[in-house]
**Q** 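Before anything else, here's the structure in question.
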Amino acid sequence: MKLHLVPARTGFDWVRLGLKTFWRQPLAFISLFFLLMAMISTVSMLPLLGSVLAPILLPFMTLGLMVATSVAATDNADGLGNVGDLGRPTGSAMFIAVFDAMRTEWRSLVVLGVISAVYFVLAVTLTALVDGGQLMRAYLFDEVVTPEVMKSSEFLTARTLLMCLNLPLSLAMWHAPALVHWHRVEPVKSVFFSIVALFRNFGAYALFGLAWFGVFMLAGIAIGLLATVLIGVGAMGSDGAALAIGNILMIGTALVLAAMSLASTWFTFRDSFDAN
C-alpha cells in the first residue's frame, strides 16, 4: 500500500460519484444508515456508559457505508472506474457484504472505537476549563442541563470547543476503518495514515468538503422553503399536520444527506491509497 496523490479537482468527482452511486440503490443506503444510527443511538441512551460506548460503534458505521458503496460501485463501474447506469446492485448483496466485513474486522474496529472513546472523553473533560464542567457532566454523567445553563456563554463556548477538538478525531478516523479492512493495516497505524492522506491531498479534500457544503446548502434552502410553506399552512389550520410534515421533511432530508455524504467517502479512500 502506498499513498496516491490526486489533483484538487478530484474532490468534485468524489461527490459526483457518491451521489450517482447512492441513487442506484437509495433504499438500501438509507436503510443501512438508519439501522446503524439506531444502534448507536440506542447504546448512547444507556445510563452513564452510553456516551462512552457510542463512539466505539462509529468505526463500524464508517466501514459499513464504505463497504456498501464499494459493492454498488463495483457492480456499476466501467474500465475507468466510473459508475455506470447498468447492473443495479441488490440491497441484500450490500447488506451481506457490510455485515461480513464487520464480522471479519470487529477486533480492529473495536480498537479504533476505543481510541475514539478515549479521545472523546479527554476532549469533553477539557471543556471543563471553560464552563466549570457543566458540559462534561451532561455528557459523561447524564446530568440534566437547565435551559438557563444551555443559553449561557460559557456552555456555548464549551460546545464550540468540543466541536473543534473533535475535528482531529474525524480526520484520524476518516480512512482508518477502510485501511484495516482493505489493506490489513494495524489500527494505530491506520489512524496515522488516515491523517497523512488528508493532508497530502488537502486540495482534493477541501473541494470535497466545499462541494458537499454546497449540496447541503441547496437542499437546505429548497426544503426550508417547502417547510416554511407547510408550517405556515399548519399555523392557520387546526390540527397542525402540516407543521409536523414540515419538521419531518427537514429532519429526514438532513439524515438522507448525511447518508449520501458518508457513502461518497469510499471514493476518497479508493483514490487516495494505491495497492500497487
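The basis for the numbers below is simple: all heavy atoms, side chains too, and nothing from hydrogens, waters or symmetry mates.
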**Q** Which pair of heavy atoms, one from Ala172 and one from Val191, lies closest together, and at what distance?
**A** CB-CG1, 3.5 Å
**Q** Under 4.5 Å between any side-chain heavy atoms of Val67 and Trp182, yes or no?
**A** yes
**Q** Indicate if Ile96 and Phe99 have the same hydrophobic cluster label, given that clusters are the connected sets of ILVMFWY residues with side-chain heavy-atom separations under 4.5 angstrom.
**A** no
**Q** State the CZ-OG1 distance between Phe267 and Thr10, to the nearest 0.5 angstrom.
**A** 13.0 Å
**Q** Grouping I, L, V, M, F, W and Y whenever their side-chain heavy atoms are under 4.5 Å apart, do Met173 and Met39 come out in a common cluster?
**A** yes
**Q** Atom CZ of residue position Phe34 - does it have more than 12 heavy atoms of other residues, nucleotides or ligands inside 6.0 Å?
**A** yes
**Q** Just verifying a value: how many Å separate Leu126 CG and Leu135 CG, rounded to the nearest 0.5 Å?
**A** 11.5 Å
**Q** What's the separation between atom CE in Met217 and atom CG in Leu257, rounded to the nearest 0.5 Å?
**A** 12.5 Å
**Q** Name the orientation class of the two ring planes belonging to Trp14 and Phe208 (parallel below 30°, tilted from 30 to 60°, perpendicular beyond 60°).
**A** perpendicular
**Q** So if you build clusters from Ile, Leu, Val, Met, Phe, Trp, Tyr with side-chain heavy-atom gaps below 4.5 Å, do Leu17 and Trp23 land together?
**A** yes
**Q** Would Val98 and Met102 count as a side chain to side chain contact (heavy atoms under 4.5 Å, CB included) if you check the C-alpha gap in whole Å, the side-chain angles of each, and the deciding distance to 0.1 Å?
**A** CA-CA 6 Å; Val98 167; Met102 290 182 179; 3.7 Å; yes
**Q** Flag yes if Leu255 and Phe60 sit in one hydrophobic cluster, no otherwise; membership is Ile, Leu, Val, Met, Phe, Trp, Tyr, and two members link when side-chain heavy atoms are under 4.5 Å apart.
**A** yes
**Q** Answer with yes or no whether the side chains of Trp174 and Thr268 bring together a donor and an acceptor at under 3.5 Å.
**A** yes
**Q** Kindly give the heavy-atom pair with the smallest separation between Val130 and Ala158, and that separation in Å.
**A** CG1-N, 3.9 Å
**Q** CZ of Phe141 to CE of Met136: how many Å apart, nearest 0.5 Å?
**A** 5.5 Å
**Q** Would you name the heavy atoms of Ala204 and Pro7 that are closest together and state the gap between them?
**A** CB-O, 3.7 Å
**Q** For a quick test of your reading: what N or O donor-acceptor pairs under 3.5 Å do the side chains of residues 43-54 make, sequence neighbours left out?
**A**
unit_1	atom_1	unit_2	atom_2	d
Ser44	OG	Ile40	O	3.4
Ser44	OG	Ser41	O	2.6
Ser51	OG	Tyr139	O	2.6

**Q** Indicate yes or no for a side-chain donor-acceptor contact from Tyr119 to the backbone of Val114 under 3.5 Å, with no hydrogens or angles considered.
**A** no
**Q** For the residue pair Ile56 and Ser116, establish whether any side-chain heavy-atom pair is separated by less than 4.5 Å.
**A** no
**Q** Looking at Pro55 and Pro59, what are the two nearest heavy atoms and their distance?
**A** O-CD, 3.5 Å
**Q** Please determine whether residues Leu198 and Leu112 belong to a single hydrophobic cluster, defined as Ile, Leu, Val, Met, Phe, Trp and Tyr linked transitively by side-chain heavy-atom distances below 4.5 Å.
**A** yes
**Q** Working to the nearest 0.5 angstrom, can you tell me the gap between Phe155 CZ and Thr146 OG1?
**A** 9.0 Å
**Q** Give the minimum heavy-atom separation between Ala28 and Gly91, together with the two atoms involved.
**A** CB-CA, 3.8 Å
**Q** Considering only residues two or more places apart or on different chains, which pairs with a residue in residues 185-214 satisfy side chain to side chain donor-acceptor pair (under 3.5 Å)?
**A** His175-Tyr205, Tyr205-Ser272, Trp212-Ser264
**Q** Does any N or O in the side chain of Thr265 come within less than 3.5 Å of the main-chain N or O of Leu262, such that one atom is a donor and the other an acceptor?
**A** yes
**Q** Could you measure the distance from the CG atom of Leu27 to the CG atom of Leu32? Nearest 0.5 Å is fine.
**A** 12.5 Å
**Q** Ignoring hydrogens and geometry, is there a side-chain-to-backbone donor-acceptor pair from Thr127 to Val124 under 3.5 Å?
**A** yes
**Q** Which heavy-atom pair separates Lys151 from Leu156 by the least distance, and what is that distance?
**A** O-CD1, 3.9 Å
**Q** Going by salt bridge (Lys or Arg N to Asp or Glu O under 4.0 Å), name the residues that satisfy it together with Glu143, two or more places apart in sequence or in a different chain.
**A** Arg137
**Q** Is there a side chain to side chain contact (heavy atoms under 4.5 Å, CB included) between Phe29 and Met260? Walk through the geometry before answering.
**A** CA-CA 8 Å; Phe29 276 110; Met260 288 181 179; over 6 Å; no
**Q** Taking Phe273's backbone N and O only, do any of them form a donor-acceptor pair with His4's side chain (distance below 3.5 Å, no angle check)?
**A** no
**Q** Without swapping roles, check the side chain of Thr62 against the backbone of Leu58 for a donor-acceptor pair under 3.5 Å.
**A** yes
**Q** Give a yes or no on whether Phe213 atom CZ has more than 12 heavy-atom contacts from other residues, nucleotides or ligands under 6.0 Å away.
**A** no
**Q** Donor-acceptor check, side chain of Thr69 to backbone of Leu65, threshold 3.5 angstrom: yes or no?
**A** yes
**Q** His183 and Phe269: ring-ring contact (aromatic ring centres under 6.0 Å, His included), yes or no, with the steps?
**A** CA-CA 11 Å; His183 292 296; Phe269 166 76; 5.6 Å; yes
